[in-house]
Chemist: 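For reference, the structure I am asking about is given below.
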Amino acid sequence: MNRIIKCAIPQYLNESLDLVERVFTESEGEESGKLVRSLVEEIRSKRFYLPELDLVMVDEHNNVIGYAMFSKFHLEGKYEQQLLLLSPVAVKTELQRQHISKELIEYGFEKAKEMGYEAVLVEGNPRNYNPRGFETSYPHGIVAGPNIHLPAVECLMVKELVCGALDNIKGIVDYSDYECLT
């Protein structure tokens with residue numbers, strides 16, 4: 001199967017939303033599917049949105065089979081030009097475990113680095129993100145705020161795109177900029 005990574009240009013916007021909702025509904029339930037879809041719609045409508053890092057992978061028929069979104073993020077009002085949030089990542093359920101998310105994420109890292117970003121934050125299962133170079137954020141001084149309920153501290157992770165970037169990026173993660181998460 002031929003797979004191509006593209007920016008989510010207008011023709012892919014709705015299809016990528018449908019994919020995200022379907023994948024999260026299948027894995028975590030209907031409420032989660034709707035929430036993650038709302039998050040993507042909200043990010044796309046805010047100043048954090050980076051169209052160049054709203055990524056889809058399409059198959060040879062130009063159907064969206066994978067999705068990853070990197071958007072600007074800040075810690076306590078700082079680092080917005082240095083720090084990105086990776087959320088969500090979704091791969092068509094029947095195509096998971098075929099390195100689609102790996103390719104999307106690594107492509108995003110390269111593009112983000114070219115754009116001058118220095119680090120990426122993600123919340124999720126460490127088994128999924130540690131192989132991509134993410135590590136627990138807590139030892140780097142990046143911690144979840146009181147309204148973020150993680151299953152474990154290891155579920156909030158960060159990755160440097162530029163060596164030494166995390167020496168200067170510290171703070172509390174807060175999702176209060178997103179209505180759908182509060």
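For reference, positions follow the sequence shown, starting with 1. Atoms considered below: every heavy atom in the structure, side chains included; atoms not considered: hydrogens, waters and symmetry mates.
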Chemist: Under the side chain to side chain contact (heavy atoms under 4.5 Å, CB included) rule, what do V173 and I142 come out as? Steps first, then yes or no, please.
Modeler: CA-CA 7 Å; V173 175; I142 299 172; 3.7 Å; yes
Chemist: Any link between V143 and V158 through a network of hydrophobic side chains (Ile, Leu, Val, Met, Phe, Trp, Tyr) touching at under 4.5 Å?
Modeler: no
Chemist: Is K46 atom NZ crowded by more than 12 heavy atoms from other residues, nucleotides or ligands, each under 6.0 Å away?
Modeler: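 Above 12, so yes.
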Chemist: Looking at C7 and V56, what are the two nearest heavy atoms and their distance?
Modeler: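 Looking at all heavy atoms of both residues, the closest pair is O-CG2, 4.2 Å.
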Chemist: Taking the side chain from E118 and the backbone from L83, do they hold a donor-acceptor pair closer than 3.5 Å?
Modeler: no
Chemist: Tell me if a side-chain donor or acceptor on E160 pairs with a main-chain N or O of A119 at a distance below 3.5 Å.
Modeler: no
Chemist: Angle class for the F48/Y178 ring planes (parallel below 30°, perpendicular above 60°, tilted otherwise)?
Modeler: tilted
Chemist: Does E52 come within less than 4.0 Å of K111, counting only side-chain N to carboxylate O?
Modeler: no
Chemist: Could you check if a side-chain atom of L156 sits within less than 4.5 angstrom of a side-chain atom of L121, using non-hydrogen atoms only?
Modeler: yes
Chemist: Under a 4.5 Å side-chain heavy-atom rule over Ile, Leu, Val, Met, Phe, Trp and Tyr, are M115 and L161 clustered together?
Modeler: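 Yes, M115 and L161 fall within the same hydrophobic cluster.
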Chemist: Less than 4.5 Å apart, side chain to side chain, heavy atoms only: is that true for T25 and E31?
Modeler: no
Chemist: Looking only at side chains, do H74 and D177 share a donor and an acceptor under 3.5 Å apart?
Modeler: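 Checked: H74/D177 side chains pair up, N/O donor to acceptor below 3.5 Å.
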Chemist: How long is the straight-line distance from CZ of R132 back to CE of M157, given to the nearest 0.5 Å?
Modeler: 12.0 Å
Chemist: Quick one, F73 and L84 - any side-chain contact, counting heavy atoms below 4.5 Å?
Modeler: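 No, every pair of side-chain atoms sits at 4.5 Å or beyond.
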Chemist: Do any N or O atoms from the side chain of S32 and from the backbone of E28 form a donor-acceptor pair under 3.5 angstrom?
Modeler: no
Chemist: Which heavy atom of R127 sits nearest a heavy atom of N125, and at what distance?
Modeler: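 Closest pair (atom of R127, atom of N125, distance): N-OD1, 2.8 Å.
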Chemist: Under a 4.5 Å side-chain heavy-atom rule over Ile, Leu, Val, Met, Phe, Trp and Tyr, are L75 and L150 clustered together?
Modeler: yes
Chemist: Report yes if some heavy atom in the side chain of L85 is under 4.5 Å from a heavy atom in the side chain of F70; otherwise report no.
Modeler: no
Chemist: Using the side-chain contact (heavy atoms from CB on, under 4.5 Å) definition, which of the options V64, I65, N63 pairs with K92?
Modeler: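 The passing option is I65.
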Chemist: Among side-chain atoms of N62 and Y12, is any donor-acceptor pair under 3.5 angstrom?
Modeler: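 Yes, because at least one side-chain N or O of N62 sits under 3.5 Å from a partner of the opposite role on Y12.
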Chemist: Could you pull out the closest heavy-atom pair between R44 and S16, with the gap in Å?
Modeler: NH2-OG, 2.8 Å
Chemist: Can you see which heavy atom on L86 is nearest to which on A68, and at what distance?
Modeler: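 Looking at all heavy atoms of both residues, the closest pair is CD1-CB, 4.3 Å.
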Chemist: Calculate, to the nearest 0.5 Å, the distance between atoms CG and CD belonging to L17 and E15 respectively.
Modeler: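 L17 atom CG to E15 atom CD measures 10.5 Å (nearest 0.5 Å).
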Chemist: Could you grab the distance from atom CG of N2 to atom NE2 of H61, nearest 0.5 Å is fine?
Modeler: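 N2 CG to H61 NE2: 9.5 Å, rounded to 0.5 Å.
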Chemist: Run the numbers on V120 and F134 for side chain to side chain contact (heavy atoms under 4.5 Å, CB included), then give the verdict.
Modeler: CA-CA 8 Å; V120 179; F134 283 95; 3.8 Å; yes
Chemist: With distance as the sole test, does K102 use its side chain to make a donor-acceptor pair with the main-chain N or O of Q98 at under 3.5 Å?
Modeler: no
Chemist: Keeping E60 on the side-chain end and R3 on the backbone end, is there a donor-acceptor pair under 3.5 Å?
Modeler: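 Judged by distance alone, no pair lies under 3.5 Å.
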Chemist: Please give me the minimum heavy-atom distance between V40 and Y67, naming the atom from each residue.
Modeler: CG1-OH, 3.5 Å
Chemist: Minimum heavy-atom separation for R37 to V20, with atom names?
Modeler: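 Heavy-atom minimum between the residues: N-CG1, 4.2 Å.
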Chemist: Looking at the rings of F109 and Y129, which for Trp means the six-membered one, are their centres under 6.0 Å apart?
Modeler: no
Chemist: Rounded to the nearest 0.5 Å, how far does CD1 of I148 lie from SG of C155?
Modeler: 12.0 Å
Chemist: What I want to find out is whether R47 reaches E80 closely enough, with some N-O distance under 4.0 Å, to be called a salt bridge.
Modeler: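 Looking at E80 together with R47, the answer is yes, because their closest N to O distance falls below 4.0 Å.
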Chemist: We want to know whether Y175 and E123 form a side-chain donor-acceptor pair, criterion being a heavy-atom distance below 3.5 angstrom.
Modeler: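 Their side chains do contain a donor-acceptor pair, which is all the 3.5 Å distance test asks for.
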Chemist: Given V23 and Q96, is the side chain to side chain contact (heavy atoms under 4.5 Å, CB included) satisfied, shown in steps?
Modeler: CA-CA 10 Å; V23 167; Q96 291 177 1; 3.9 Å; yes
Chemist: What distance do K170 atom NZ and Y79 atom OH have between them, rounded to the nearest 0.5 Å?
Modeler: 8.0 Å
Chemist: Would you say D54 and Y49 are linked by a side-chain donor-acceptor pair, where the criterion is simply a distance under 3.5 Å?
Modeler: yes
Chemist: Run the side chain to side chain contact (heavy atoms under 4.5 Å, CB included) test on I5 and E103 for me, step by step, so that the C-alpha distance in whole Å, both residues' side-chain angles and the decisive distance to 0.1 Å come before the verdict.
Modeler: CA-CA 8 Å; I5 297 173; E103 291 175 29; 4.3 Å; yes
Chemist: Can you measure from CD1 (I100) to CE (M57) and round to the nearest 0.5 angstrom?
Modeler: 6.0 Å
Chemist: Short question: side chain of K72, backbone of L50 - any donor-acceptor pair under 3.5 Å?
Modeler: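 No: the side chain of K72 does not pair with the backbone of L50.
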Chemist: Do T93 and E26 pair up side chain to side chain, a donor and an acceptor below 3.5 Å, judged on atom types alone?
Modeler: yes
Chemist: For I172, is there any backbone N or O sitting under 3.5 Å from a side-chain donor or acceptor partner on E76?
Modeler: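 Present.
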Chemist: For the pair S38 (side chain) and C180 (backbone), establish whether a donor and an acceptor sit closer than 3.5 Å, ignoring hydrogens and angles.
Modeler: no
Chemist: With a 4.0 Å cut-off, would you call E135 and K159 a salt bridge?
Modeler: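 Here E135 does not pair with K159 in a salt bridge, since their nearest N and O are not under 4.0 Å apart.
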Chemist: Does E94 CD have over 12 foreign heavy atoms under 6.0 Å away?
Modeler: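 It does: E94 CD has more than 12 such atoms within range.
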